[in-house]
Structures are given as C-alpha cells and as structure tokens.
There are 2 protein chains.
Amino acid sequence: MSHHYTRETAAQGIENALKLLEGRWKLVILFHLFGGHVLRFSDLERAIPGISQKMLIQQLRQMEKDGIVRRIVHQQVPPKVEYCLTDWGQALCPALDALLTWSAQRESTDVEREEATRQD
Amino acid sequence: MSHHYTRETAAQGIENALKLLEGRWKLVILFHLFGGHVLRFSDLERAIPGISQKMLIQQLRQMEKDGIVRRIVHQQVPPKVEYCLTDWGQALCPALDALLTWSAQRESTDVEREEATRQD
DNA sequence: TAAGGTACTTACTGAAAAGTATGTCACACC
DNA sequence: GGTGTGACATACTTTTCAGTAAGTACCTTA
C-alpha cells in the first residue's frame, strides 16, 4: 500500500500521530511498558510517582482506544487489571528513537550560532 | 558523543522534543518551510487559512527561540520579515517520516482485532 | 459485622493554551 | 495632512487540560 502526502496531509498525519502521544503522562507510561512489560494498574501507579489515579486511568484508556495499549481484565476480587503494549505500540520505538536522535543532533549543527536574529 | 538513556531520561528527552512540536500550528508552519522555502510573514498568513496573526507570530517566535526557525528582518518600510528553517529544523524530516510510517503501519498490524477488551 | 484491598468514577478547581478584537509604529506616497 | 502597508503587540474571553479530593463496587478475611 503506497502513500502520497501533500504538505497538508503530511502535516495532518503527523499531527494525528502526535496527538496520540501528547498528554502529560503518556510517554512515561509508554516507556514503562516498552520491552513487553505487563504491569498492573497499581504497579504503574507505584512506578510513576506524582501521577494520580484519575490521570493514570485517563491516559491508559485513551491509549487503549488509540490501539497503543492493551488492557487485560482478570475476573477476580479484589480486581486485577494488567496493561501492556500492542504490537503497534511497540512499533513506536524506532520513531521515538528518530526524535531522540534529532534532539541530540542539536549540538552538532550550527544552531547555536544561528540563533541570533539576522538583519540584512 | 554517545548517549545512554534510562527509561526516565529517554521519556524526558522525547517529551522535550515533542514540546517543540506541540502547538496548534507548528507542524503546519513547519511543512510550509520544509524544502528550504523562505516565506514572509504575510505569505505564511495567506498560506495557512484560519490562523490568526497572534498565533502565527507566537508559534514562529517559539520555534525561533527553539532553534528550528530562522528569522530574517529586512530594514525597510513597510516592514519585510522572512522565515525559513535552520539546518536543525530541516533535520526534523526523517524523524517526522518515522512517525508517519508508524502511523501508516497501524492497518498492517493486528491492532484492529486487538482492540476489543480482553478478559481471562 | 466491620475493615480492607484494587481499580476505578465523579465533582470541583485552577492553570495554561488558543481565539477574537483592536491598537501601534515607521515611513512612503498622494 | 491624510491614507495605506506589513509586521507585529496587547487586552480580553473562551476552551481545554491537569490536579485534588472524595466516593463506589465487589468480594474476602478477621
């Protein structure tokens, strides 16, 4: 399946992709689930200091809806619910790597020297 | 220069990178400047329907501060100010491509079938 | 019968981002 | 002297997002 992007559709496509990653806690959650980890709600809660239950569930549910996270409910009392990444969620790795690489490149380009406002 | 990331620093690093791209209009602006295009303020205004002057200048200035966009002031009246990407800004291309690729992969993985909530 | 454990939900509050509308500046030309 | 041009700045309103606090459901064990 081949894709052809115009300025507008490409911008739109990336905007959509970014929207899936925006949110104060999504990346933190993501990185805890990378590598095939399967964690309970309470595990994540403990692993991410500062997050509230409301935020945790909100971001998890959003990512589940977006197909990034899988939710596994075990029928028992007290409740046990586990979270892990979908294949597609795992596939985010290279894309995030590319961003990290870009971020790290900053020093090596002449950005610093370019920063001053130019006047002609 | 080699980098070593932990879960936390990697998440942090990507969060920082994403912060540079977040904002209702940044990507649209970016895509208009990709390919070495040099555009005046008014060009961008016309090219991006729906954007207000306030938003346009706000996002441009932010990206300038972040080292993504270069601002070129011509001393004349009426004013003439041009915008283009820095080298580092141009270097975003592959990273955004990776995101777009990931986004497009969605169909080919079994996300759709995985979407239903699992129960054990 | 009371307490507790786990994964939530809901209502409320405050901060940050975006949108709208109007004003400004420095000159050039008529 | 009045008008127009291009690139902004500023004040104000609206919308969106995050955080805090409290409550719920269900069953289990003491």
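Computed over heavy atoms, backbone and side chain alike; hydrogens, waters and symmetry mates excluded. Naming convention: chains lettered A, B, ... in sequence-line order (proteins, then strands); numbering from 1 in each chain.
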### Query
Can any side-chain N or O of B:Ser103 pair as donor or acceptor with the backbone N or O of A:Ala17 at less than 3.5 Å?
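Here the side-chain-to-backbone pair does not exist.
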### Query
Which residue pairs pass the salt bridge (Lys or Arg N to Asp or Glu O under 4.0 Å) test when at least one of the two sits in residues 23-42 of chain A, sequence neighbours left out?
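Qualifying pairs: none.
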### Summary
Scoring nucleotides 24-30 of chain D by protein non-hydrogen atoms under 4.0 Å (B base, S sugar-phosphate only, - none) yields --BBS--
### Query
For DNA chain D, what residues of residues 39-62 of chain B have any heavy atom nearer than 4.0 Å?
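Contacts with DNA chain D under 4.0 Å: B:Arg40, B:Phe41, B:Ser42, B:Gln53, B:Lys54, B:Ile57, B:Arg61.
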### Query
What parts of residues 17-33 of chain B reach DNA chain D, counting only heavy atoms under 4.0 Å away?
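Per residue number, the list is empty: none.
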For [X], enumerate each residue passing the side-chain contact (heavy atoms from CB on, under 4.5 Å) test, keeping only those at least two apart in sequence or located in another chain.
X	answer
A:Thr101	A:Gln105
A:Val77	none
B:Lys54	B:Ser52, B:Gln58
B:Cys84	B:Val38, B:Arg70, B:Ile72

### salt bridge (charged side-chain N to carboxylate O under 4.0 Å, His left out) involving B:Asp43 - partner list, sequence neighbours excluded
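For B:Asp43, the residues satisfying salt bridge (charged side-chain N to carboxylate O under 4.0 Å, His left out) (neighbours in sequence not counted) are B:Arg46.
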Residues forming a ring-ring contact (aromatic ring centres under 6.0 Å, His included) with [X], sequence neighbours excluded:
X	result
B:Trp102	A:Trp88
A:Phe41	none
B:Tyr83	none

### Query
Given atom CD of A:Gln76 and atom C1' of C:dA7, what is their separation to the nearest angstrom?
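Atom-to-atom, A:Gln76 to C:dA7, this comes out as 12 Å.
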